[in-house]
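To find a chain, count down the sequence lines: A is the first, B the second, and so on, and within it residues start at 1. These figures come from a predicted structure and were not determined experimentally.
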Amino acid sequence: MSSDDSLRAAARTARAWPFEEARKVVARAERRAAAGESVGEVLFETGYGPSGLPHIGTFGEVARTTWVRRAFELMSPVRTRLISFSDDMDGLRKVPGNVPNPEMLGEYLGRPLTAVPDPFGTHASYGAHNNARLRAFLDRFGFDYEFLSSTDCYKSGRFDTALLVVLEHYETVRDIVLPTLGAERRATYSPFLPISPRSGVVLQVPILEWNKKAGTIVFEDEGRKTELPVTGGHVKCQWKVDWAMRWLALGIDYEMSGKDLISSVELSTKITRALGAAPPETLNYELFLDEHGQRISKSKGNGLSVDEWLTYGPDESIALFMFQKPRAAKKLYFDVIPKTVDDYIALLEQYRATDDAAERLENPVFHIHHGHPPAETYPVSFALLLTLVSASNAHDRDLLWGFIRAYAPQANPKDNPGLDRLVGYALRYYEDFVKPTKRYRAPTDKERAALGELAAVLDQFGDERDAEKVQFEVYEIGKRHGFEPLRDWFKALYEVLFGQAQGPRFGSFAALFGCRETAVLIRRALADEFAGRA
RNA sequence: GGGCCCGUAGCUCAGCGGCAGAGCAUCUGACUUUUAAUCAGAGGGUCGAUGGUUCGAUCCCAUCCGGGCUCACCA
């Protein structure tokens with residue numbers, strides 16, 4: 001049996017959630033085939049609302065859907081595609097707080113996002129602008145997807161057939177949705193939202209007539225009875241119907257969504273069945289919470305953004321976070337980054353420790369790297385790097401690597417590129433979290449004398465790299481100047497030179513940092529270059 | 001009110017049929033001249049409660065109790 005065959009065999013019984021999901025899709029494809037359809041491909045969809053920018057949830061949804069897609073490909077020879085669908089014909093409901101030209105946007109309320117000028121002035125419309133941001137975001141991670149614009153689909157006629165099917169089932173669809181609405185909305189509800197030929201606004205108005213033969217609807221617009229074809233982009237579907245219509249038109253086999261959309265999924269599923277189609281397989285994932293258990297929302301600015309995560313941890317770590325337990329509410333805040341990075345490292349090692357295909361398929365790193373986890377090793381953990389960087393005052397790559405070699409002599413940036421990247425993240429952590437807490441103080445006269453002598457001795461050492469030799473002299477100078485207890489001498493070194501009450505073993509630091517360089521550092525402190533500085 | 005998730009060591013969580021685990025925190029020791037780091041070790045749990053299934057339940061099922069989120073306007 002080839003390794004491919006054994007992978008396929010193992011995939012059929014694998015328990016990792018992407019396989020559980022993929023089996024649902026396999027079963028759906030089999031049902032389609034049994035019904036006489038020729039199943040040439042299977043379609044995965046992720047949705048995007050372009051009234052906002054892509055965020056960590058967008059990343060999670062596309063990443064997770066991709067894992068299901070890859071799992072499916074291990075079980076089935078059927079081709080797959082991932083559609084990233086932008087609901088850009090949706091009306092602009094309110095002016096977002098974080099864009100230029102808000103007063104201009106205010107004049108376009110209610111218009112389709114693709115009919116609103118781009119407040120940034122870089123694209124044909126606000127919708128197009130945000131679509132571009134979405135694509136750049138997805139491309140940044142190398143996702144394989146096919147972008148689809150709702151506006152394009154409507155206007156090009158791609159949705160026409162499905163729109164006529166909705167019209168054909170107008171009453172049924174309406175009656176499915178009506179009971180779920182409040183009294184007020186019920187009065188004006190229509191599965192179709194016409195776009196006013198006069199104002200360009202997506203209208204939420206009662207539909208007076210629907211003509212199945214003509215393929216049109218009639219409604220009142222600015223006091224005049226108006227008739228429009230449901231096809232060709234003149235009319236948009238109300239969103240839950242829109243979702244169902246889209247599933248039908250595109251033939252979507254799988255789509256996941258957040259748990260806030262559970263009732264929408266149920267409704268869209270019913271509508272799809274009413275339209276005579278089989279709804280896709282779905283999964284509800286949990287929303288993310290901040291460290292206090294509150295839902296993350298961009299307006300509140302709580303939790304972590306993708307950019308924030310990627311400032312302190314690599315792509316693999318955020319991917320791992322998304323992989324783990326999609327159905328459990330997870331707290332997403334700074335402290336989870338180091339833990340997730342180290343979990344990733346541990347899983348990578350576990351992966352390499354086994355040849356067993358079945359075992360490997362259960363490992364998140366298999367999915368994160370689409371079946372090809374890297375071969376590299378991480379001789380020290382990220383947690384250790386973070387502690388090291390703050391305890392050792394290692395503020396550049398070479399110095400930090402020097403300390404790393406004290407723990408893992410064989411480690412180096414060339415053979416451990418992943419670790420070298422972690423070094424970069426650790427240094428950024430130092431800059432952002434350690435450095436701001438530093439409080440340098442001026443040395444006392446007694447300390448000045450001792451420091452001056454230490455600088456002179458270090459100059460004599462020159463290129464000395466023996467940490468113990470240096471440490472011995474540091475100790476001798478402390479004794480000679482009558483520090484009692486001696487720890488006060490070391491404490492003074494840290495407070496004056498590093499702005500911290502604690503630090504690395506001083507001899508080790510000087511040996512790595514360079515004795516001459518350390519002497520320079522001391523002289524700068526003696527010249528009061530640091531004191532008082534934060 | 002409907003739905004969903006979670007109650008496991010002081011904290012954050014993993015485990016999800018076969019002798020209760022990790023990280024952090026705590027304590028002890030080592031690195032024979034500071035501290036931090038590092039290393040070795042220790043303590044610490046009726047696995048929310050009650051029933052059921054099973055030779056066996058933290059795990060599966062039912063009920064209950066707690067905590068939280070979400071939908072009930074729009075997408």
Side-chain angles (χ1 to χ4, degrees), chain A residues 15 47-52 86-94 110 113 150 179-186 188-189 193 202 204 236-243 257-268 283-297 324-331 333 335-336 338-343 346-347 364 380-394 403-404 406-408 468 471-476 478-479 483-495 498 500-509:
Chain A
R15 292 197 330 268
Y48 170 66
S51 50
S86 172
D87 192 15
D88 58 9
M89 204 156 136
D90 188 31
L92 177 69
R93 272 182 305 285
K94 61 175 182 189
L113 292 161
S150 177
T180 69
L181 299 174
E184 201 176 322
R185 184 73 181 91
R186 206 174 300 181
T188 58
Y189 180 78
L193 310 177
V202 183
Q204 298 197 13
K236 179 194 189 317
C237 287
Q238 184 268 343
W239 101 278
K240 288 169 195 179
V241 182
D242 200 55
W243 210 358
S257 51
K259 83 162 180 190
D260 52 328
L261 295 185
I262 289 174
S263 55
S264 305
V265 171
E266 286 170 357
L267 202 63
S268 296
L283 166 73
N284 288 292
Y285 54 83
E286 261 285 357
L287 274 18
F288 296 110
L289 311 175
D290 68 10
E291 58 191 308
H292 307 295
Q294 296 300 303
R295 178 182 175 178
I296 285 182
S297 77
Q324 283 165 336
K325 305 235 268 184
R327 293 187 60 94
K330 291 206 303 279
K331 292 183 182 174
Y333 59 106
D335 299 27
V336 304
K339 175 182 160 49
T340 310
V341 173
D342 282 331
D343 282 350
L347 289 166
V380 305
S381 73
F382 192 46
L384 175 55
L385 279 187
L386 292 181
T387 329
L388 208 51
V389 86
S390 66
S392 70
N393 204 54
F403 281 105
I404 291 170
Y407 297 102
E468 286 311 310
Q471 178 75 3
F472 180 79
E473 282 307 322
V474 175
Y475 182 81
E476 286 302 309
K479 279 202 290 196
F483 284 95
E484 186 61 44
L486 200 59
R487 82 157 45 188
D488 287 347
W489 163 232
F490 288 96
K491 200 153 170 264
L493 286 174
Y494 302 129
E495 289 174 352
F498 299 158
Q500 302 177 156
Q502 309 164 344
R505 176 175 286 256
F506 202 79
S508 313
F509 173 81

Undergrad: List for me each residue that meets salt bridge (Lys or Arg N to Asp or Glu O under 4.0 Å) alongside A:Asp342, sequence neighbours excluded, and say none if there are none.
TA: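 By the salt bridge (Lys or Arg N to Asp or Glu O under 4.0 Å) rule, A:Asp342 matches no residue at all.
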
Undergrad: For A:Lys339, give me all partners under salt bridge (Lys or Arg N to Asp or Glu O under 4.0 Å), at least two apart in sequence or on another chain.
TA: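 A:Lys339: salt bridge (Lys or Arg N to Asp or Glu O under 4.0 Å) contacts with A:Asp343.
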
Undergrad: Determine the contact category for A:Phe483: base if any of its heavy atoms lies under 4.0 Å from a base atom, sugar-phosphate if only primed atoms, P, OP1 or OP2 are that close, otherwise nothing.
TA: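 Result for A:Phe483 = nothing.
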
Undergrad: Rounding to the closest angstrom, what is the interatomic distance between B:G43 and B:A9 at atom C1'?
TA: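 11 Å, rounded to whole Å.
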
Undergrad: Base, backbone or nothing for each nucleotide of nucleotides 35-41 of chain B, written B, S, -, heavy atoms under 4.0 angstrom, 5' to 3'?
TA: BBBS---

Undergrad: For B:C47 and B:G17, measure between their C1' atoms and round to the nearest Å.
TA: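 Between the two C1' atoms, the distance is 15 Å.
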
Undergrad: CD of A:Gln324 versus P of B:C5: gap in Å, rounded?
TA: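 Rounding to the nearest Å, CD of A:Gln324 and P of B:C5 are 18 Å apart.
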
Undergrad: What residues, two or more places apart in sequence or in another chain, satisfy ring-ring contact (aromatic ring centres under 6.0 Å, His included) together with A:Tyr285?
TA: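 ring-ring contact (aromatic ring centres under 6.0 Å, His included) check on A:Tyr285 returns nothing, list empty.
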
Undergrad: B:G51 and B:C24: how far apart are their C1' atoms, nearest whole angstrom?
TA: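 Per the computed distance, 37 Å lies between those C1' atoms.
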
Undergrad: Can you tell me, in whole Å, how much space there is between the P of B:U35 and that of B:G44?
TA: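 Going atom to atom, P in each nucleotide, I get 29 Å.
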
Undergrad: Please give, in whole Å, the distance from B:G3 C1' to A:Tyr285 OH?
TA: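 Taking atom C1' of B:G3 as the reference, OH of A:Tyr285 is at 17 Å.
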
Undergrad: Distance between the P atoms of B:A62 and B:C71, in whole angstroms?
TA: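 26 Å, rounded to whole Å.
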
Undergrad: Could you run through nucleotides 67-75 of chain B and give me one letter per nucleotide, 5' to 3': B if any protein heavy atom sits under 4.0 Å from the base, S if only the sugar-phosphate is that close, - if neither?
TA: -BBSS-SSB

Undergrad: Quick one: side chain to side chain contact (heavy atoms under 4.5 Å, CB included) partners of A:Gln238, sequence neighbours excluded?
TA: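 Residues passing side chain to side chain contact (heavy atoms under 4.5 Å, CB included) with A:Gln238: A:Arg185, A:Tyr189, A:Leu193, A:Lys240, A:Val241.
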
Undergrad: Expressed as a whole number of angstroms, how long is the span from A:Asp343:CG to B:C24:C1'?
TA: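 Atom CG in A:Asp343 sits about 13 Å away from atom C1' in B:C24.
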
Undergrad: Sequence neighbours excluded, which residues qualify as ring-ring contact (aromatic ring centres under 6.0 Å, His included) partners of A:Phe382?
TA: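 Expected list: none.
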
Undergrad: Using the C1' atom on both, measure B:G18 against B:C6 and round to a whole Å.
TA: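 Those two atoms are separated by 26 Å.
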
Undergrad: Treat a base pair as Watson-Crick or G-U wobble with both distances under 3.5 Å, then lay out RNA chain B in dot-bracket form, 5' to 3', with | for cross-strand pairs.
TA: ((((((((.[[[[.)..(..]]]].(((((.......))))).....[[[[[..)....]]]]])))))))....

Undergrad: Expressed in angstrom and rounded to an integer, what is the separation of A:Leu283 atom CG from B:C4 atom C1'?
TA: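 About 12 Å, once rounded to whole Å.
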
Undergrad: Mind checking what makes side chain to side chain contact (heavy atoms under 4.5 Å, CB included) contact with A:Lys259, not counting sequence neighbours?
TA: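 Partners of A:Lys259 under the side chain to side chain contact (heavy atoms under 4.5 Å, CB included) test: A:Ile262, A:Glu286, A:Leu287.
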
Undergrad: Go through the structure and list residues passing salt bridge (Lys or Arg N to Asp or Glu O under 4.0 Å) with A:Asp488, not counting sequence neighbours.
TA: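 Residues passing salt bridge (Lys or Arg N to Asp or Glu O under 4.0 Å) with A:Asp488: none at all.
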
Undergrad: Can you list the residues that meet the side chain to side chain contact (heavy atoms under 4.5 Å, CB included) rule with A:Glu476, with sequence neighbours excluded?
TA: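 Listed in chain order: A:Phe472, A:Glu473, A:Lys479, A:Arg480.
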
Undergrad: Protein within reach of the bases, or only the backbone? For nucleotides 10-16 of chain B, mark each nucleotide 5' to 3' as B, S or -, using heavy atoms under 4.0 Å.
TA: ---SSS-

